[in-house]
Number of protein chains: 2
Amino acid sequence: MEKEKYTIKDAAKLMDVPTSTIRYYDKEGLLPFVERMESGYRIFTEKDIATLRIIDCLKKTGMPIKEIRQFSDWLEQGDASLQQRYEMFLERKRIVEKQMTELQKILDTVNYKCWYYETAIAAGTEKIHHSNEEKVSDNLYLENYQSKI
Amino acid sequence: MEKEKYTIKDAAKLMDVPTSTIRYYDKEGLLPFVERMESGYRIFTEKDIATLRIIDCLKKTGMPIKEIRQFSDWLEQGDASLQQRYEMFLERKRIVEKQMTELQKILDTVNYKCWYYETAIAAGTEKIHHSNEEKVSDNLYLENYQSKI
DNA sequence: ATTGACCTTAAACTCAAGTTTAATGTTATA
DNA sequence: TATAACATTAAACTTGAGTTTAAGGTCAAT
């Protein structure tokens with residue numbers, strides 16, 4: 001059986017951030033659903049932790065805090081905002097897919113540079129990549145290399 | 001035949017950034033190789049533009065400006081720094097591969113939420129995801145879904 | 001030689017996303 | 001009941017990565 005209630009310290013540990021980050025998110029309106037004790041201490045439920053994980057996922061898609069706040073507002077509205085929330089995730093999907101494509105291109109360039117330096121080190125100098133013939137080799141390399149991966 | 005020399009405006013247009021960004025990079029020591037006219041105007045060669053593109057690639061791997069400065073310093077040292085530059089790109093490769101893995105996990109979560117909202121909208125309420133039986137369905141969905149993609 | 005479109009720098013400013021500090025209140029336990 | 005280890009807030013501070021501003025110098029075409 002899992003624990004049911006969490007302190008801010010527990011929540012912070014689960015999310016692997018300092019407690020100050022959780023307080024900052026709350027201050028920015030990301031956590032309006034978090035209840036308090038009479039003393040003012042925050043109480044996080046399992047459900048709150050699950051929502052924190054979704055907020056973390058949105059952050060990792062590159063969504064700025066202000067837009068995540070919109071999502072939290074929609075959460076407060078319940079079923080009336082299902083469509084908006086759905087469209088938000090559809091857009092995040094498109095964005096992340098674009099990021100993946102971009103990241104693959106970056107990886108191709110990094111891999112090319114690895115090969116560039118391997119061959120330069122073997123030759124003892126970068127000059128081997130300066131002549132026209134070698135440039136042709138580079139292109140041939142790139143063409144083959146990218147289809148091989 | 002391509003143009004041989006570029007102004008800061010040309011370079012900025014080629015890199016799709018404002019000229020202020022190029023000046024900022026120069027101020028931070030990223031562009032020690034860029035020559036000047038007697039008047040002080042920067043002159044970018046084809047090679048400089050190629051190096052700018054590599055700097056842009058490094059930036060897109062998440063490398064901070066201060067570490068890119070190290071790369072520029074190594075460039076100035078010529079063949080003596082081939083090994084260091086090679087190791088730098090090997091590390092960037094590992095980092096980008098990790099980013100790709102992480103991004104795939106994020107996409108899995110986003111896809112799960114898309115399904116979550118599709119089904120909630122069809123049912124007219126999110127409550128369908130609250131009962132224990134439905135939670136089991138979620139898990140089954142996730143298991144099947146991720147192997148299907 | 002004047003005009004407009006360029007270029008230069010230093011320094012101040014912006015922005016997001018936190019982090020730190022200070023002053024104070026609460027809870028668990030020995 | 002004292003004390004340690006938590007918690008609270010507001011406000012100031014930090015960091016990275018630029019952008020903007022101000023004051024001025026240069027270039028190309030008329």
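Below, chains carry the letters A, B, ... as their sequence lines are ordered, and counting in each starts from 1.
- When only modelled atom types and interatomic distance are considered, B:Y6 and B:E46 share a side-chain donor-acceptor pair under 3.5 Å.
- Rounded to whole Å, atom P of C:dC7 lies 15 Å from atom OH of B:Y6.
- Residue A:R42 is classed as a sugar-phosphate contact, given heavy-atom separations below 4.0 Å to backbone atoms only.
- Remark: B:Q77 pairs with no residue by the side-chain hydrogen bond (donor to acceptor under 3.5 Å, both in side chains) rule, at least two apart or across chains.
- Across the protein-nucleic acid pair, B:K13 atom NZ and C:dC7 atom P stand 11 Å apart, rounded to whole Å.
- One interatomic measurement links the two molecules: CD of B:E35 to P of C:dT8, which rounds to 14 Å at whole-angstrom precision.
- Between the CD1 atom of A:I8 and the C1' atom of D:dC6 there is a distance of 11 Å, given to the nearest Å.
- Checking the phosphate oxygens (OP1, OP2) of D:dA7, a side-chain nitrogen or oxygen of A:T7 falls inside 4.0 Å.
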Each nucleotide in nucleotides 10-19 of chain D should get exactly one letter: B, S or -. Can you fill that in based on protein heavy atoms under 4.0 Å? -------BBB
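- A:F71 is linked by a ring pair (Phe, Tyr, Trp, His ring centres under 6.0 Å) to A:F89, counting only residues two or more places apart in sequence or in another chain.
- Between A:I68 atom CD1 and C:dG18 atom P the separation is 9 Å, expressed in whole Å.
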Annotated protein contacts, base or backbone, on nucleotides 21-30 of chain C with a non-hydrogen cut-off under 4.0 Å, one of B, S, - each: ----BBS---
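- When rounded to the nearest whole Å, the span between CG of A:L31 and P of C:dA17 equals 15 Å.
- Checking B:Q84, B:Q83, B:R85 one by one against B:E87, the side-chain hydrogen bond (donor to acceptor under 3.5 Å, both in side chains) holds for a single residue, B:Q83.
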Could you list the donor-acceptor pairs under 3.5 angstrom formed between side-chain atoms of residues 11-20 of chain B and any protein atom two or more places apart in sequence or on another chain?
{"from": "B:T19", "atom 1": "OG1", "to": "B:R23", "atom 2": "NH1", "distance (Å)": "3.4"}

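- Here C:dA17 presents its C1' atom at 16 Å from CZ of A:R69, a figure rounded to the nearest Å.
- Using a 4.5 Å cut-off between side-chain heavy atoms of Ile, Leu, Val, Met, Phe, Trp and Tyr, B:Y41 falls into a hydrophobic cluster with B:M37, B:I43.
- Annotation: side-chain hydrogen bond (donor to acceptor under 3.5 Å, both in side chains) contacts of A:T45 (sequence neighbours excluded): A:D48.
- Applying the salt bridge (charged side-chain N to carboxylate O under 4.0 Å, His left out) test to residues at least two apart or on different chains, the pairs with a partner in residues 30-39 of chain A are A:D26-A:R36.
- Between the CD1 atom of B:I22 and the C1' atom of C:dC6 there is a distance of 16 Å, rounded to whole Å.
- Taking a 4.5 Å side-chain heavy-atom cut-off between Ile, Leu, Val, Met, Phe, Trp and Tyr, the cluster of B:I95 contains only that residue.
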